[in-house]
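Each residue takes its place number in the sequence, starting with 1. As the structure lists them, so they are numbered: ligands from 1, and atoms in each ligand from 1. Worth knowing before you read on, the calculation uses all heavy atoms, side chains too, and leaves out hydrogens, waters and symmetry mates.
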Amino acid sequence: MNKDISLNLLAAHACLKDVLNALNRGVFGVVFITGQHGEVKGLFTDGDVRRALLNGANLEAPASQFMKKEFIFGRSASKREENIRLLSERVRHLPILDEKGCLVDFLSWAEMWRLPVMEPTLGGNELKYVSDCITSNWISSQGSYVRAFENEFANYSGSKCALTTTSGTTALHLALVALGIGAGDEVIVPDLTFGASANVVLHTGAKPVFVDVHPGHWTLDPDLLKAALTPRTKAVMPVHLYGHPCDMDPIMDFAHKHGLFVVEDCAEALGARYMGQLVGTFGDVGCFSFFSNKVITTGEGGMVTTRDQQLYEKMMLLRDHGMRKNRRYWHELAGFNYRMTNLQAAVGLAQLEQIDSFLTARRKVAEQYSRCLSGVDGITLSPEMDWAKNIYWLYSILIDEAVTGVTRDELIHLLEAEGVETRPFFYPLHSQPPFPDCDAEFPVADRLAVKGISLPSSITLNSDEIERVCGCIRKLIDNHRIMANFIS
Ligand SMILES: *Cc1c(COP(=O)(O)O)cnc(C)c1O
């Protein structure tokens with residue numbers, strides 16, 4: 001990793017306040033103090049600053065008085081592996097110095113033991129099936145894995161028909177186009193979701209109309225649908241956000257009453273259930289994503305599911321340029337090329353074989369997070385309504401600055417310094433440039449968007465790693481309290 005080490009460097013005449021500022025700007029929570037010729041004289045972590053302040057130093061005091069002068073360092077002439085070996089839980093920051101003692105790089109324990117938000121797990125038959133594609137020469141969109149993956153997916157997801165696509169986004173687009181949605185139409189979309197949910201509506205020529213989300217489960221609030229209805233409304237797109245299902249009964253009632261299509265965005269929620277029923281089976285079409293961070297992956301890829309044979313055939317036609325099967329190069333419709341390759345489907349089939357263990361592991365990760373963080377004031381845990389089975393795609397929490405003293409963005413930055421990668425929630429869609437201006441207000445989405453943070457959620461996380469993440473969060477909030485008391 002190439003970091004900009006200049007942000008972590010301060011001259012010897014700096015004061016403690018400069019150190020605090022530099023700690024906030026630089027990476028991995030360390031600041032190096034340099035002498036006249038650029039030689040490293042000492043270093044600071046936030047713990048060192050805190051100790052200095054607790055011992056009565058004031059913020060204007062010279063940093064050089066309080067810096068850690070004795071420290072272990074690596075040499076630029078040494079092999080990288082030798083330097084890495086010097087890191088430990090106690091030696092968390094290792095400056096790499098040249099022969100003059102000047103900083104050329106530094107290594108951080110946090111950087112070496114980084115926990116990503118999500119990693120795919122490819123431990124099943126993926127390689128075997130992909131090798132089979134290569135050795136058999138079937139690598140494109142014809143080939144037996146595409147059909148096999150679609151059949152197995154239809155079985156698993158409880159839908160009559162399933163059709164692979166190139167991505168979750170093209171699955172959504174295909175569904176809307178096949179339903180005949182276009183210019184002059186409106187589609188109701190939650191204000192808090194990944195942008196693709198609304199982008200595809202724009203791509204059909206229709207207008208996305210945003211509705212706020214529910215404060216309890218963060219997905220489309222059914223009570224607010226009515227206010228968004230106009231004579232142009234053609235469809236509703238419930239998005240099962242972060243693995244939690246939408247409140248489907250009232251959404252389906254509303255859609256039936258007003259003759260609207262329902263396109264479910266299940267990109268984050270394969271396997272999630274509402275009142276025991278799998279998401280994707282309520283509406284006209286269920287749309288899934290197999291991007292590398294989703295529940296199962298094909299690298300890039302997606303799927304549409306439906307119980308409607310005619311709609312299925314229309315989606316199949318549109319997926320392949322709108323060409324009729326039995327009349328070559330005759331275009332019935334102006335379609336797309338949204339076909340998945342056999343290579344991707346081979347990976348998908350192998351992934352689907354493991355879905356039960358994937359979902360069990362996800363719930364286990366979530367249970368441990370909920371247990372570890374349940375006592376922390378100012379933190380709201382990932383929700384699970386009593387009618388819901390959340391698959392906890394990303395274990396996500398809300399942080400209430402008024403209680404913790406730490407803002408969401410500060411927490412993200414501080415966790416980054418501890419090697420814990422996180423993700424902020426999505427920006428509310430109504431606030432973003434591509435989407436039409438609207439008069440409605442979205443207080444819940446606005447609030448969640450600044451408080452929400454998703455934690456590392458790979459199914460391979462072990463209990464020590466989850467404990468490490470939770471321990472960091474608790475420590476950072478406690479530290480902040482101590483510092484805040486001191487400064488005020
Ligand atoms: C990932 C995602 C998509 C898009 O899926 P891609 O496969 O990345 O195109 C759509 N909607 C939501 C809610 C998603 O999380």
**Q** What pairs meet the salt bridge (charged side-chain N to carboxylate O under 4.0 Å, His left out) rule with one or both residues in residues 228-257, with sequence neighbours excluded?
**A** Asp185-Lys234, Glu186-Arg232
**Q** Pairwise, report which nitrogen or oxygen atoms of ligand 1 are under 3.5 angstrom from protein nitrogen or oxygen atoms, and how far apart they are.
**A**
unit_1: ligand 1; atom_1: 5 (O); unit_2: Ser289; atom_2: OG; d: 3.3
unit_1: ligand 1; atom_1: 7 (O); unit_2: Gly168; atom_2: N; d: 2.7
unit_1: ligand 1; atom_1: 7 (O); unit_2: Ser289; atom_2: OG; d: 2.7
unit_1: ligand 1; atom_1: 9 (O); unit_2: Gly168; atom_2: N; d: 3.4
unit_1: ligand 1; atom_1: 9 (O); unit_2: Thr169; atom_2: N; d: 2.9
unit_1: ligand 1; atom_1: 9 (O); unit_2: Thr169; atom_2: OG1; d: 2.5
unit_1: ligand 1; atom_1: 11 (N); unit_2: Asp265; atom_2: OD1; d: 3.4
unit_1: ligand 1; atom_1: 11 (N); unit_2: Asp265; atom_2: OD2; d: 2.7
unit_1: ligand 1; atom_1: 15 (O); unit_2: Glu268; atom_2: OE2; d: 2.5
unit_1: ligand 1; atom_1: 15 (O); unit_2: Lys294; atom_2: NZ; d: 3.1

**Q** Taking salt bridge (charged side-chain N to carboxylate O under 4.0 Å, His left out) as the cut-off, I'd like each qualifying pair that reaches into residues 151-175, sequence neighbours left out, listed once.
**A** none
**Q** Salt bridge or not for Glu418 and Arg92, using N-O below 4.0 Å?
**A** yes
**Q** Between Glu467 and Arg474, is the closest basic N to carboxylate O distance under 4.0 Å?
**A**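 A salt bridge is present here (some side-chain N lies under 4.0 Å from a carboxylate O).
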**Q** More than 12 heavy atoms of other residues, nucleotides or ligands under 6.0 Å from CG of Leu127: yes or no?
**A** no
**Q** Show every side-chain hydrogen bond (donor to acceptor under 3.5 Å, both in side chains) that has at least one partner inside residues 383-394, sequence neighbours left out.
**A** Arg363-Glu384
